[in-house]
Amino acid sequence: MAIEIKVPTLGESVTEATVGRWYKQAGDSVAADEPLVELETDKVTLEVNAPSAGTLSEVVVAEGATVGVGALLGMITVGAGGEKSTTGGAGKGAAAAPVASVPPVKAGGSGTSMPPAPAARKILTESGVDPASVAGSGRRGQVLKEDAVAAVDARAGGAAPGVSGIASMVPPPAASSAPRAPVALGDAEREERVRMSKLRQTIARRLKDAQNTAAMLTTFNDVDMTAVMGLRSQYKDVFEKRYGVRLGFMGFFVKAAIQALRDVPAVNAEIDGTDIIYKNYYHIGVAVGTEKGLVVPVVRDADQLSLADIEKTINDFGARARDGNLTIEEMQGGTFTISNGGVYGSLMSTPILNAPQSGILGMHRIEQRPVVREGAIVARPMMYLALSYDHRIVDGKEAVTFLVRLKENLEDPQRLLIGV
């Protein structure tokens, strides 16, 4: 019996996906619910699992192809034997036609079916190392570039510390030979062309659309983090013991931003044609950087959550974003976004709006800077804040007021308790 593998429903407003990679090739045995193929949409990356145990008898769509919802991806033969399916005009027992997709290279010694990363595959191929003998450290055991380099180094054996095994396998020139000029490589030989993922294409398009549509402007302020850092230092251990999550800075910023949004509702609004829609709820998007690009999961009704609940939600989003396990629904419907470039060391930036929102807050690194307090110059932990906003709906006065309210709430966190 043959079972069809089809593209599942991808979520609201998502009608197509790109075939990222096949984890199995035609003829491989598969277990029920085992991942078969990875699909990339403009929002998330998802896996299609085997609907039943059997043999992957046919791969219909090649890697890199674009498919719609319900499209046929491949076939699974269920039952003993599990031979490959034949082509439409072939008789019984005829050999299977070549599959359209490029069979993935078997990956590392850990037993994974994940193909090596492109850079790793190139290194292993050039050095003659079997990818199946290399244990991968990537997701689901994928062989990464550093794994390939380490394997080549280990094979070379006598290579000097810090010297790549690829280079060490080249015999040294004879002592009497004159130094040779380095071989000039063409630009094409020093480049690596990688197809942009659907997610990266969408990020590029949406950011450019935001610039083209909104009258975007950024205003700045700074905040003294002494009070927040003091609270965090004082209660972080008991907080983690009670709630099972670390007390970070993002929870304070979400709470402070919500209070500021209440005072300046235009920053929590959006434009729809000739109408302004004011949102009386607070779905706060939190930007998370991943290897595949920036994603913005949404903390829904954040004003109704405790500090611990916000921290738990953000922590869960971050972990699942890095593993590619966020759902499309979790990244839709935000009313305001917070982006923390400070975790990467950013001092100052001008974040781009997450359309159709009218405001985005940029956090940055905390550093000791000299400031004047009561006539004396003192060192304080300071952070620059940036609010990018749509000037079509938010006036400069409102933008500045929003940052001032945010600054006041963070420099005196007790204001958050009594709502002033």
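For clarity, every value in this text was computed on a predicted model and none was experimentally measured.
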key: Nearest-0.5 Å distance that lies between atom CZ in R205 and atom CG in N212   = 12.5 Å
Working for side chain to side chain contact (heavy atoms under 4.5 Å, CB included), residues V59 and W22 = CA-CA 9 Å; V59 174; W22 281 92; 3.3 Å; yes
message = Which label fits H391 and Y389: parallel for a plane angle under 30°, tilted from 30 to 60°, or perpendicular past 60°?
response = perpendicular
message = Are there over 12 heavy-atom neighbours, none belonging to N280, within less than 6.0 Å of that residue's CG?
response = no
task = Before accepting this row, confirm whether a basic side-chain N of the pair E63/R21 lies closer than 4.0 Å to the acidic partner's carboxylate O.
result = no
key: Any donor-acceptor N/O pair, E398 side chain to V264 backbone, under 3.5 Å   = no
Check: V60 and L73 side chains under 4.5 Å, non-hydrogen atoms = no
request  = Give the intermediate values and the outcome of side chain to side chain contact (heavy atoms under 4.5 Å, CB included) for residues Y23 and E47.
outcome  = CA-CA 10 Å; Y23 302 140; E47 294 173 339; 3.3 Å; yes
request  = Keeping the roles fixed (side chain from T66, backbone from T18), state whether a donor-acceptor pair exists under 3.5 Å.
outcome  = no
side-chain contact (heavy atoms from CB on, under 4.5 Å) partner of I284, chosen from T337, L361, D303, L261 = L261
Matching residue for L416 among N409, L410, I258 - test: side-chain contact (heavy atoms from CB on, under 4.5 Å) = N409
task = Run the numbers on V299 and I314 for side chain to side chain contact (heavy atoms under 4.5 Å, CB included), then give the verdict.
result = CA-CA 7 Å; V299 182; I314 294 174; 4.0 Å; yes
message = Less than 4.0 angstrom from a charged side-chain N to a carboxylate O is my criterion; do K407 and D222 meet it?
response = yes
Heavy-atom neighbours of R392 CZ exceed 12 at 6.0 Å = yes
task = Indicate yes or no: at least one non-hydrogen side-chain atom of I271 is less than 4.5 angstrom from one of P356.
result = no
message = Show the nearest heavy-atom pair for residues P35 and N49, with the distance to one decimal.
response = CA-OD1, 3.3 Å
request  = Please name the pair of heavy atoms, one in P51 and one in I5, separated by the smallest distance, quoted to 0.1 Å.
outcome  = CD-CG1, 4.4 Å
key: Closest non-hydrogen atom pair, Y384 against H364   = O-ND1, 2.8 Å
request  = Indicate yes or no for a side-chain donor-acceptor contact from N315 to the backbone of E311 under 3.5 Å, with no hydrogens or angles considered.
outcome  = no
task = May I ask you to say whether R369 pairs ionically with E367, meaning some side-chain N is under 4.0 Å from a carboxylate O?
result = yes
Short side-chain to backbone donor-acceptor contact, T55 and G27, under 3.5 Å = no
inquiry  = I'd like to check E411 versus V223 (side-chain heavy atoms, cut-off strictly below 4.5 Å). Are they in contact?
reply    = yes
inquiry  = Just checking R373: does its CZ atom have more than 12 heavy atoms from other residues, nucleotides or ligands closer to it than 6.0 angstrom?
reply    = yes
query = Should K397 and D395 count as an ion pair when the cut-off is N to O under 4.0 Å?
reply = no
query = Hey, does the side chain of S388 reach the backbone of P351 with a donor-acceptor pair shorter than 3.5 angstrom?
reply = yes
note = Taking every heavy atom of I360 against every heavy atom of S339, the minimum-distance pair comes out as CD1-CB, 4.4 Å
inquiry  = Tell me the closest heavy-atom pair linking A266 and V394, and the distance in Å.
reply    = O-CG2, 3.7 Å
ask   = With a 3.5 Å cut-off and no angle check, do the side chains of T77 and S57 form a donor-acceptor pair?
value = yes
task = Any chance you could lay out the ring-ring contact (aromatic ring centres under 6.0 Å, His included) test for F239 and Y243, step after step, and finish with the verdict?
result = CA-CA 6 Å; F239 185 91; Y243 299 110; 5.0 Å; yes
ask   = Judged by atom type as modelled, is there a donor-acceptor pair below 3.5 Å linking the side chain of S127 to the main-chain atoms of L124?
value = yes
inquiry  = When you compare the side chain of E4 with that of M75, does any pair of heavy atoms fall below 4.5 Å?
reply    = yes
key: Exercise: identify the closest heavy-atom pair between R300 and L305   = O-CD1, 4.0 Å
inquiry  = Rounded at 0.5 Å granularity, tell me how far CG in L385 sits from CG in L403.
reply    = 6.0 Å
key: Derivation of the side chain to side chain contact (heavy atoms under 4.5 Å, CB included) call for V378 and V371   = CA-CA 6 Å; V378 295; V371 295; 4.0 Å; yes
inquiry  = Quick test of your reading of the model: are E270 and K279 salt-bridged, counting only N-O distances below 4.0 Å?
reply    = yes
message = Can you confirm whether S358 sits close enough to L353 that some side-chain heavy atom of one is under 4.5 Å from a side-chain heavy atom of the other?
response = no
